[in-house]
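Notes follow the structure.
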Amino acid sequence: MAELMNLTGPKASPLWAVQSLVFLASMGTGVVTNGIFFIAREGFGSSTTQNFGLGALLGATYIVGAFGVGPVLRRLARGSSSVSTRCVLAGLSIIMGCAALLPQLAAWMSGGPERAYWSAWVAVAVYALCSGAFWPIVESYLGGGRSGTRLRRAVGQFNILWAAAVLLSLLAMGPALERYPLGVLLVFGVLQVASTVLLWPMGAEPGVHMPEHHDPHPRVYLPLLTIFRLLLPTSYYVVSVWSPYAPAVMDRLGIPVGWQVSLAAIWMLSRLVVFAVMERWHGWHGRWWPVVVGVVGMVGGITLALVSPLFGQGLGVPMLVAGLAVLGVGNGMIYSAALYYAMEVGKGEVEAGGTHEGLIGVGFAGGPVTGLVAAGAIGSGAFGGLSLNIAMLVILGVVLAAIGVLVGLRVRASMREAGMPPGG
């Protein structure tokens, strides 16, 4: 983002300050992007279809924020030399925190949550819009002034910290969900605003992005980069199919409200473990088996999670736990590998953060849209007597098959570009 504003800082921001901001801000992001569906169900009585709509809105506004951050910063830079990247980041963080406060404040002012459901939609739209712009800028502070081993170590810590923060935020909200669902958003909104104090030691501008001179990488890295870049938004698409539907699955399995969020967060725990292992152990570099593990974990995990209610509580709950654990392994492996190959092939510039987050936003939006299409098809009779979860699996299967064909074609092309024979 420093290049976008033509106001570059001379050196890297203190890593402790950046990572502390990442941890605190990720807790709020985790509650809004993953916990909002439980909050909306408990606080406002939202239906599954309404949760799918809320998720689609979240993804759409996140895309706008991520892809729009570059042009907005350029306009700010042209309009005023006094506007710093830190000012922009502080403004975004404060707006995100205030958006999280809105549902509880609206419920208090209107005399009850039944009259304030609109506030959940406004809060999600504003928070996701700002979040899509917020994270690429944070990533510019993380990477600016760092290269090589320093950059890879910082990014590895970044992944572990944000994943741990998201997990902890969901575990923390679980006990309060049944009695104070909107209070959860209030607490994390205040935390989001308070985190802005960490911006002061980070500096007015990110450090100068330092190009890295790469040693020649193995030829196989290019097709691996291609496939993982395509699998990254796909993995978020699969996860976002699950998130809005999770409260309905938990209800059908008879899981108490206080335990639902903690159980739903199992995939985040297994993802965190994968992040830590892949950051420390490098035996997977240049290998094809992580592709297989990532795809099987992603597809197998979501399948088990969606069909678990069909088997009743006795078998369904273990199936759900297993499915979510496998889903987290697949998601973690895909994310880690996509990031590693982007840096190693030399195309992981910080300024691409908006595109990276925008592609994740496409995944965020695609999952809830799948749920809405499935619900609409069932309502119109197009799927006969299929249940919603099976209808979602059918649509999910068609979409993943189409993506599989695209991945195959792109990988063959990248293998030819790398001078590798097909299958070689």
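FYI, the numbering just counts along the sequence from 1.
- Ring orientation note: the planes of Trp121 and Tyr117 are nearly perpendicular, at an angle over 60° on the 30°/60° scale.
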Side chain to side chain contact (heavy atoms under 4.5 Å, CB included) assessment of Ile390 paired with Val307: CA-CA 7 Å; Ile390 300 302; Val307 303; 4.2 Å; yes
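- Taking the side chain as every heavy atom from C-beta outward, Leu54 and Ser46 never approach each other to under 4.5 Å.
- Relative orientation of the Tyr340 and Tyr221 rings is perpendicular, given thresholds of 30° and 60° on the angle between their planes.
- Contact record, Ala204 with Tyr141: O-OH, 3.1 Å, taken as the closest heavy-atom pair.
- Atom CD of Gln260 is separated from atom CZ of Phe38 by 6.0 Å, given to the nearest 0.5 angstrom.
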Does Leu230 form a side chain to side chain contact (heavy atoms under 4.5 Å, CB included) with Ile403? I'd like the steps, not just the answer. CA-CA 8 Å; Leu230 291 170; Ile403 293 174; 5.6 Å; no
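- The shortest heavy-atom contact between Leu225 and Tyr341 is CD1-C, 3.7 Å.
- Side-chain N or O atoms of Ser131 include none that pairs as donor or acceptor with a backbone N or O of Ala128 at under 3.5 Å.
- Remark: side-chain polar atoms of Ser240 are paired, donor with acceptor, to backbone N or O of Gly363 under 3.5 angstrom.
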How far apart are the C-alpha atoms of Ser26 and Leu161, what are their side-chain angles, what is the distance that settles it, and do they pass the side chain to side chain contact (heavy atoms under 4.5 Å, CB included) test? CA-CA 8 Å; Ser26 293; Leu161 280 170; over 6 Å; no
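- For Pro290, the side-chain contact (heavy atoms from CB on, under 4.5 Å) partners two or more places apart in sequence, or in a different chain, are Phe228, Trp284, Arg287, Met333.
- For Arg252, the CZ atom counts as densely surrounded, since its 6.0 Å shell holds more than 12 non-hydrogen atoms of other residues, nucleotides or ligands.
- Within the model, atoms CG of Leu231 and OG1 of Thr226 stand 10.5 Å from one another, a figure rounded to the nearest 0.5 Å.
- Put simply, CZ on Arg271 and CG on Leu327 are 9.5 Å apart, with the number rounded to the nearest 0.5 Å.
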Carefully, step by step, assess Phe37 and Trp242 under the rule ring pair (Phe, Tyr, Trp, His ring centres under 6.0 Å). CA-CA 11 Å; Phe37 307 109; Trp242 159 252; over 10 Å; no
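- Taking both residues in full, the closest heavy atoms of Val18 and Ser13 are given as CG2-CB, 3.9 Å, listed atom of the first, atom of the second, then distance.
- Between Ile360 and Ile63 there is no side-chain heavy-atom pair separated by less than 4.5 Å.
- Separating the CG atom in Leu339 from the OH atom in Tyr335 is a distance of 6.0 Å, to the nearest 0.5 Å.
- A donor-acceptor pair shorter than 3.5 Å can be found between the side chains of Gln192 and Ser93.
- Thr234 places none of its side-chain heavy atoms less than 4.5 Å from the side chain of Val407.
- With hydrogens and angles disregarded, a donor-acceptor distance shorter than 3.5 Å links the side chain of Glu205 to the backbone of Thr85.
- Counting only heavy atoms from C-beta outward, the side chains of Leu92 and Ile137 approach each other to under 4.5 Å.
- Rounding to the nearest 0.5 Å places OG1 of Thr370 at 6.5 Å from CG of Leu396.
- For residues 38-49, the pairs satisfying salt bridge (Lys or Arg N to Asp or Glu O under 4.0 Å) are Arg41-Asp251, with sequence neighbours left out.
- Within the 4.5 Å cutoff, the side chain of Gln104 has no heavy atoms near those of the Val184 side chain.
- Counting all heavy atoms, side chain and backbone alike, Gln313 lies closest to Leu253 at NE2-O, 3.0 Å.
- No side-chain heavy atom of Tyr237 sits less than 4.5 Å from a side-chain heavy atom of Val362.
- Taking both residues in full, the closest heavy atoms of Leu170 and Gly30 are given as CD2-O, 3.8 Å, listed atom of the first, atom of the second, then distance.
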Are Leu102 and Val126 close enough, and set up right, to give a side chain to side chain contact (heavy atoms under 4.5 Å, CB included), and what steps lead you there? CA-CA 10 Å; Leu102 178 62; Val126 173; over 6 Å; no
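- Counting only distance, with no hydrogens or angles, the side chain of Ser262 and the backbone of Trp259 share no donor-acceptor pair below 3.5 Å.
- Looking only at side-chain heavy atoms (C-beta outward), Val299 and Val238 stay at 4.5 Å or farther from each other.
- Atom CG of residue Leu101 and atom CG of residue Leu182 lie 11.5 Å apart, to the nearest 0.5 angstrom.
- Under the 3.5 Å distance criterion, the side-chain polar atoms of Tyr127 are matched with a main-chain donor or acceptor of Thr29.
- Evaluation of the side-chain contact (heavy atoms from CB on, under 4.5 Å) rule for Val296 yields Val292 as partners, not counting sequence neighbours.
- Closest approach of Gly332 and Val274 over heavy atoms only: C-CG1, 3.6 Å.
- With a 4.5 Å cut-off on side-chain heavy atoms, Val261 and Asn34 do not count as touching.
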